[in-house]
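One structure is given below, encoded as structure tokens.
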Amino acid sequence: MINKVLNRLDPLLILSAALMGVALYLIFIWVPTETNQGAVQRILYFHVPVAWGSMMGILVVSGSSFMYLWKKNEKWDRLAVASAEVGVVFGGIMLLSGMIWARPVWAVWWTGEAKLTTALILFFIYVAYLMFRAYFPPGAHRQRLAAIIGVTGAIDTPIIYFATNLWSQAHPPLVTGPAADADSTLGSDLGIVLLASTIAFTFLFIFLVQNRYKIRKSEDDLVELKRASSTSVMTGAN
Amino acid sequence: MKKAIVCPGIGTGTARLAIALILALSATTALSQSSSAQDKSILSGIVVGVETDNNDRLTRFAVSDSTGTVTTFELSTNTEFGLENQSGDRWVSSQGEEPAESARRLRDHRERFAPITVSSQNGIATSVVEREEGKLETNLGYLFAVFAITWALFFAYVLYMGRKQRVLQHEIAKLKSSIANADRT
């Protein structure tokens, strides 16, 4: 019975769920309360990993769009669409969680500073990419133009990452990555939890992209079958 | 029979590997937690004693929990403080930076019977913060909102994808059978 259930489940889903369980345990039970902000600081362990997922999304869109332009292989185009859609979900959650966090610590829901504005632009890039694909007539021309949008969209990623270093404002400085300030890096406990949460959200991102890719493949199969069906009907009529 | 959603190239072998990885992760977490639980602790209560040296720098303090048990904590230069005054302004510093101010803040908490939460390791306080339970509406409400929105959106998206895939599979199966019928006739 258990084997039957496990065989029907995607291993990636099981892995994502298990890692998420570990991350939630660390976030809500294991890690001590941060001295500066109190309990609300735990939003960091959701906000940063979804922001990472959102940026990873645009990098995958850009990379696969580039590969599509180069190889002209449909699978790269499918991967770009799948990643863009999942990126919108991650981007939306990044903006919402950031706004909810900003309210108790900055006393405003939104402020027009560099990091927030560039993150909002990233969300709009995703939306523009998907809207373009939805409203432009289907065909190789649409895929080519969408790929160009996808490749250029990634320009926003380093701007978001370095925004706090370039224009120091209300948003906290970088705590992870190559450009992180040595004085502002997280403590060991907080760092471990952030890393665990980021790994869990990365697997969730991969799982979602994988499933969206399969849907896109099914959509393409359906179009092919419709074409074949109309051909066979026409042949039958003749 | 409904087909399992499995990534191409990922079979039951990978599923077993994934499950083994999960079990290993859970065991590691449980073991690390049980070993760290011996020397790490978190305690909430009221400040009942503040000890300072000749320069009025904090050296030790005592906290009484809800059962009346008094625990004394030593300090290190890395001990962090996040304490609020009566009007709610938060003071953030460490024992290494402002040992005299930390003593003054703890005395203030003792006089006001304001509860604190102390995280400690081997009897040495690592952080001393305002007890968070007292601010459910202002703090945990926002945390809950983020948590709820994040998971509601992810669940909604997964459900949407599952539904879309089912509809597509149904349409594909229908078309395949109609093409097969047309070919036969």
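The sequence lines fix the lettering, A, B, ..., with proteins before strands; numbering per chain opens at 1. Since the structure is predicted, the reported quantities are computational estimates derived from the model, not experimental observations.
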* Counting only heavy atoms closer than 4.5 Å, note whether I172(B) contacts chain A via side chain, backbone, both or neither. => both
* **Side-chain touch R57(B)/T52(B), heavy atoms, less than 4.5 angstrom** => no
* Which bit of M99(A) comes within less than 4.5 Å of chain B, counting heavy atoms only: side chain, backbone, both or neither? -> neither
* **Side chain, backbone, both or neither of L96(A) within contact of chain B (heavy atoms, under 4.5 Å)** => side chain
* **Among the listed options V50(A), L204(A), L24(A), D221(A), the residue most often paired with chain B at heavy-atom distances under 4.5 Å** => L204(A)
* Give the ring-plane orientation class for F147(B) versus W151(B), where under 30° counts as parallel, over 60° as perpendicular and anything between as tilted. => perpendicular
* Please step through ring pair (Phe, Tyr, Trp, His ring centres under 6.0 Å) for the pair W91(B) and F81(B), ending with a clear verdict. => CA-CA 7 Å; W91(B) 168 75; F81(B) 291 90; 5.8 Å; yes
* **Segment of Y213(A) engaging chain B (4.5 angstrom heavy-atom cut-off)** => neither
* Which atoms of F201(A) approach chain B - backbone, side chain, both or neither, heavy atom under 4.5 Å -> side chain
* Answer yes or no: is there an ion pair linking E171(B) with K174(B), defined by an N-O contact shorter than 4.0 Å? => no
* So what's closer than 4.5 Å to chain A heavy atoms on T150(B): side chain, backbone, both or neither? -> both
* **From CA spacing to verdict: side chain to side chain contact (heavy atoms under 4.5 Å, CB included), L190(A), Y45(A)** => CA-CA 9 Å; L190(A) 277 63; Y45(A) 309 117; 3.2 Å; yes
* Considering only NZ, NE, NH1 and NH2 on the basic side and carboxylate oxygens on the acidic side, decide whether R78(A) and E74(A) come within less than 4.0 Å. => no
